[in-house]
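For reference, the structure is listed below as structure tokens.
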Amino acid sequence: MLTQRPVVPSSTFTRRDFRRLVIGAILLLVAMTAILSIDLQPQRLAIALGDVATADIAAPRTQSYPSDVRTQAARAAAVQNVKPVYDYGNQKALRIANSQAIQFGNRVIQIDRAFDPATTSEEKDKLLAETIPSLSESARTTLQALTAERWAVVREQAATTLDRLERGELKDSDLVQTKADLADQMSANLDLAEAALAADLIAPLLLPNSSFSEELTNLAKEDAARAVQPVTVDYKLNETIVQKGQRITPEVFEAIQQFGLDAPRTDFARVGGWFLLSVLVVGILFAWIWRFRRQLWHRTSALLLIGLIVTGMSVLLKLTAGRAGLPFILPTAAAGMLLAILLDAGVAAVVLALIALAGGAVNGTQGSLELMAYIFLGGMAGIIGIRRGDRFQVFVQAGLAVAIANVLVVAMFGFLGLHDARGVIELMGASLLSAAGSAVAAVGTFAVLGSVFGILTVFQLLELANPSQPLLRRLLVETSGTYHHSLMVGNLAERAAEAIGADPLLTRVAAYYHDVGKLANPLAFIENQAGGENVHDTLDPETSAQVLKQHTADGIDI
């Protein structure tokens with residue numbers, strides 16, 4: 001019913017919060033793991049890698065696990081896909097580019113001299129005939145036919161192309177192909193013959209600036225292997241691991257080991273599975289309370305109540321696990337109804353969802369989904385129907401809502417083919433018993449639980465609002481003006497609380513008692529003077545103000 005929020009607690013996770021978390025988590029984890037782990041030992045199977053299965057082998061439970069075999073295979077595939085890594089670097093490329101630019105200038109210096117205007121025709125022919133012996137005949141013919149202006153264009157384009165190629169990454173494995181395609185690298189300003197000449201001029205000067213690095217390649221392979229996330233394998237209850245006549249592969253043998261079917265030993269894996277489920281349930285529960293109900297986190301009584309309801313329902317679900325129809329009779333909706341009344345609907349919904357999850361897990365059968373939906377949807381109907389729980393009629397209405405939701409869930413799965421007609425009728429009867437039991441359990445225990453755990457309930461507030469309360473009777477007899485004022489404030493505050501979605505009853509009760517301090521000095525307040533002498537007329541302002549303020553402290557004392 002009530003989650004008081006007068007002050008927003010600090011968001012800092014203190015040592016005290018850590019101790020509270022550790023103690024609460026350990027207690028609840030131990031209890032949940034112990035409750036969920038009580039189970040029969042799974043069947044044992046003598047089989048080895050490479051054997052042929054003599055019968056179908058199925059998963060004894062629903063389980064997920066990280067597969068080392070499949071993860072290693074995925075990592076091996078990732079390593080195979082790593083391309084060779086080269087040691088290319090900007091500084092290295094720049095150094096080679098500058099060096100080869102100088103080499104190019106030295107290579108064509110004689111050609112530059114041949115096209116100098118001061119050079120005679122005979123000297124030019126001689127220089128061009130003798131320069132760069134490695135030039136092809138076609139390239140030399142093109143060179144000799146060039147004018148000085150065209151040579152300048154060819155020279156500039158060759159130098160530019162050489163610089164561009166050397167500044168970019170030029171792998172040693174691509175050098176031959178790059179040289180073969182040099183003519184195509186030239187701009188459209190050159191014709192085919194001039195482009196071929198430019199290519200011949202710079203081809204011998206091309207040097208690779210990026211070489212294959214075995215060390216870097218190995219590092220890349222290691223990074224690729226580390227980047228592969230563990231491969232998770234999921235098995236459902238009774239899902240076939242291997243069929244009769246099939247060979248036991250590493251993947252199959254790993255699954256057999258994960259389920260503990262290969263050797264006669266204690267099934268720690270199964271206990272571990274229940275422990276992990278408990279970790280999830282407790283972790284999510286505590287994290288949600290810390291994140292969204294900080295005021296409950298600091299109330300030990302509220303945490304104890306939540307823990308008691310979670311473990312109590314887990315015990316009931318475990319005791320009835322695997323027994324046809326019995327889990328459907330349990331008053332599981334009472335958990336949500338009680339928490340909705342004593343704390344709030346948000347806490348009730350989260351706890352109910354976790355209880356439904358545990359109920360589906362311990363009843364690891366084909367109908368586990370049905371039971372989860374049955375617990376959650378029926379419980380949510382109870383939470384919605386119970387509202388504040390301030391009247392007995394509300395509990396009847398909530399029980400009716402639970403019954404309708406439960407019957408509809410059973411009918412839905414019946415239509416889906418999970419039950420025959422007789423099974424549906426039997427489960428509908430169980431649904432009605434569960435709904436009635438939930439309403440009775442809620443109405444019979446919420447006041448007791450509220451008293452035990454120090455949680456204010458609606459009935460306590462109604463009792464406080466009763467005019468026959470001794471303090472209210474004193475207020476009426478000794479300070480009738482203040483009593484009337486408190487009633488008026490209560491009515492106004494209640495309407496205001498309804499308008500903003502606050503708790504109207506709590507607001508009205510608080511208004512009734514907000515001025516009880518005036519009992520200590522009734523005539524100091526004008527509403528109790530009945531037109532008589534006003535004591536403040538003879539007091540100085542400071543003393544008068546002090547007298548008025550004193551009723552707050554007096555109210556706390558009373």
Side-chain angles (χ1 to χ4, degrees), residues 1-32 277-314 334-358 376 379-380 382-384 386-390 442 446-447 449-458 460-461 464 493 496-510 514 556:
M1 191 290 294
L2 177 62
T3 300
Q4 302 179 33
R5 304 183 187 185
V7 179
V8 178
S10 171
S11 61
T12 304
F13 196 79
T14 63
R15 289 185 178 180
R16 182 180 179 184
D17 294 322
F18 179 74
R19 289 195 299 270
R20 181 184 295 268
L21 172 63
V22 171
I23 295 173
I26 290 176
L27 291 176
L28 198 51
L29 279 174
V30 170
M32 289 289 293
L277 176 61
S278 302
V279 168
L280 288 172
V281 170
V282 174
I284 290 175
L285 178 60
F286 279 20
W288 189 90
I289 294 174
W290 168 260
R291 177 67 178 83
F292 297 105
R293 295 295 186 273
R294 194 72 51 83
Q295 65 279 3
L296 293 183
W297 176 264
H298 297 282
R299 291 170 57 188
T300 303
S301 59
L303 295 180
L304 287 174
L305 173 62
I306 294 172
L308 176 64
I309 289 179
V310 170
T311 53
M313 283 298 170
S314 298
M337 295 163 68
L338 286 171
L339 290 174
I341 297 171
L342 297 173
L343 299 178
D344 67 37
V347 176
V350 171
V351 172
L352 189 64
L354 296 177
I355 291 174
L357 176 64
F376 181 71
M380 286 300 297
I383 293 172
I384 296 170
I386 201 67
R387 293 178 296 176
R388 298 167 56 218
D390 54 353
F446 90 94
L449 290 176
S451 177
V452 170
F453 291 97
I455 299 173
L456 190 63
T457 64
V458 172
Q460 289 172 302
L461 286 175
L464 288 172
E498 291 173 347
I500 66 172
D503 190 324
L505 179 58
L506 174 63
T507 306
R508 176 156 57 90
V509 173
H514 83 285
I556 295 174

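What you see is a predicted model, and the numbers here were worked out from it, not measured in a lab. Side chains are part of it too, since the values below use all heavy atoms of this structure and drop only hydrogens, waters and symmetry mates.
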### Task
Would you please name every residue forming a side chain to side chain contact (heavy atoms under 4.5 Å, CB included) with I23, sequence neighbours left out?
L27

Taking only distance into account, with no hydrogens and no angle test, what donor-acceptor pairs under 3.5 Å do side-chain atoms of residues 277-286 form with protein atoms, sequence neighbours excluded?
unit_1 : atom_1 : unit_2 : atom_2 : d
S278   : OG     : T33    : N      : 3.4
S278   : OG     : T33    : OG1    : 3.4
S278   : OG     : W274   : O      : 2.9

### Message
Looking at every non-hydrogen atom in both residues, tell me the closest pair between F453 and L308 and how far apart they are.
### Response
CZ-CD2, 3.9 Å

### Message
Could you work out, with side chain to side chain contact (heavy atoms under 4.5 Å, CB included) as the rule, every residue matching A502, not counting sequence neighbours?
### Response
A497, I500

### Query
Any idea which heavy atoms bring R20 and R299 closest together, and the distance?
NH1-C, 4.1 Å

## Note on the structure
Nearest heavy-atom approach of A302 to L343 is CB-CD2, 4.0 Å

### Query
Which atom names give the shortest non-hydrogen contact between A335 and I355, and what distance separates them?
CB-CD1, 3.9 Å

### Spatial distance of atom CG (L21) from atom CG (L303) [nearest 0.5 Å]
10.0 Å

#### Entry: Over-ring placement of R293 relative to W290, 6.0 Å and 45° cut-offs
no

### Query
Mind checking what makes side chain to side chain donor-acceptor pair (under 3.5 Å) contact with Q460, not counting sequence neighbours?
T457

### Query
Residues in salt bridge (Lys or Arg N to Asp or Glu O under 4.0 Å) with R508, at least two apart?
E494

### Task
Using the test side chain to side chain donor-acceptor pair (under 3.5 Å), find all partners of S301 that sit at least two apart in sequence or belong to another chain.
none

### Query
If you take all heavy atoms of L352 and F376, which pair is closest and at what distance?
CD2-O, 3.5 Å

